[in-house]
Amino acid sequence: AFWSAVNAARQLALDENRPVSMRFDAKEKRLIWSTGDKSDSTGFDELTLRFLPPERTSTLLLGGVLFEGDVLPRVRFYPDGTCDPFRLEIKAQNGTPRLLLIDPWTCAPVLRPAQS
């Protein structure tokens, strides 16, 4: 669902020829993207998403869990098909967070080579 939303936001930026902002509403569990005039959203019942800076900047140790303190309130997609550089944290309700680095040129996850 997240990648469908990313593709929809990128396409909206291309179609409208203006930036599109995307944010996650943690209270409503919805990913929302908008140009200001047009908007759309999709729900995430079991997941929490956080947009993080492309590089780790600060961490906190809370209850024995390392937690990143800096969160981006939103990311933007641009009419040239690019996006802000960011990392995506995906977390199930009682699961371990998963981090994905997003390539700003393609807005796709950066794949890491397999460990040997």
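Given the structure is predicted, the values throughout are model-derived calculations rather than measurements.
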The complete set of ring pair (Phe, Tyr, Trp, His ring centres under 6.0 Å) pairs with one or both residues in residues 29-50, sequence neighbours excluded, reads none
Residues Val110 and Ile102: closest non-hydrogen pair is CG2-C, 4.3 Å
Correct closest heavy-atom pair for Thr35 and Val20 would be CG2-CG2, 3.6 Å
Residue set satisfying side chain to side chain donor-acceptor pair (under 3.5 Å) with Arg30, at least two apart, ordered chain then number -> Ser41
task: Return yes if some donor-acceptor pair links the side-chain N/O of Arg10 with the main-chain N/O of Gly81 below 3.5 Å, else return no.
output: yes
Taken to the nearest 0.5 Å, the spacing of Arg87 CZ from Leu99 CG works out to 5.5 Å
Quick note, salt bridge (Lys or Arg N to Asp or Glu O under 4.0 Å) partners involving residues 32-41, not counting sequence neighbours, are Glu16-Lys38, Arg18-Asp37
Note to self: Taking Phe2 as the starting point, is it possible to reach Leu47 by hopping between hydrophobic residues whose side chains are less than 4.5 Å apart?
What the structure shows: yes
Side-chain (Arg76) to main-chain (Ser21) donor-acceptor, under 3.5 angstrom: no
Residues passing the side-chain contact (heavy atoms from CB on, under 4.5 Å) test with Asp80, sequence neighbours excluded, are Tyr78, Thr82
Fill in: Validation row: Ile90, Leu100 side chains within 4.5 angstrom (heavy atoms)
yes
same_hphob_cluster(Leu88, Leu72) at 4.5 Å side-chain heavy-atom cutoff: yes
In terms of heavy-atom contacts, Cys107 and Trp3 come closest through O-CZ3, 3.6 Å
Residues at least two apart in sequence or cross-chain that pass side chain to side chain donor-acceptor pair (under 3.5 Å) with Gln11, listed by chain then number, are Asp15
Does one hydrophobic cluster hold both Phe77 and Leu101, with members joined at side-chain heavy-atom distances below 4.5 Å?
-> no
Sorted by chain and number, sequence neighbours left out, ring pair (Phe, Tyr, Trp, His ring centres under 6.0 Å) with Phe51 holds for Phe86
Note: Phe24 and Leu49 closest approach over all heavy atoms is CD2-O, 3.2 Å
Here the side-chain hydrogen bond (donor to acceptor under 3.5 Å, both in side chains) pairs for residues 90-99, sequence neighbours left out, are none
Taking every heavy atom of Lys29 against every heavy atom of Thr48, the minimum-distance pair comes out as NZ-OG1, 3.0 Å
Here the pair of heavy atoms bringing Thr42 nearest to Ala5 is CG2-CB, 4.2 Å
d(Arg74 CZ, Arg23 CZ) to nearest 0.5 Å is 7.5 Å
Next item on the list: Answer yes if Leu12 and Val75 sit in the same cluster of Ile, Leu, Val, Met, Phe, Trp and Tyr residues linked by side chain heavy atoms under 4.5 Å apart, and no otherwise.
Entry: yes
Sequence neighbours excluded, the answer for side chain to side chain donor-acceptor pair (under 3.5 Å) partners of Asp103 is Thr106
The side chain to side chain donor-acceptor pair (under 3.5 Å) partners of Ser39 (sequence neighbours excluded) come to none
By side-chain contact (heavy atoms from CB on, under 4.5 Å), Pro85 pairs with (sequence neighbours left out) Pro54, Pro104
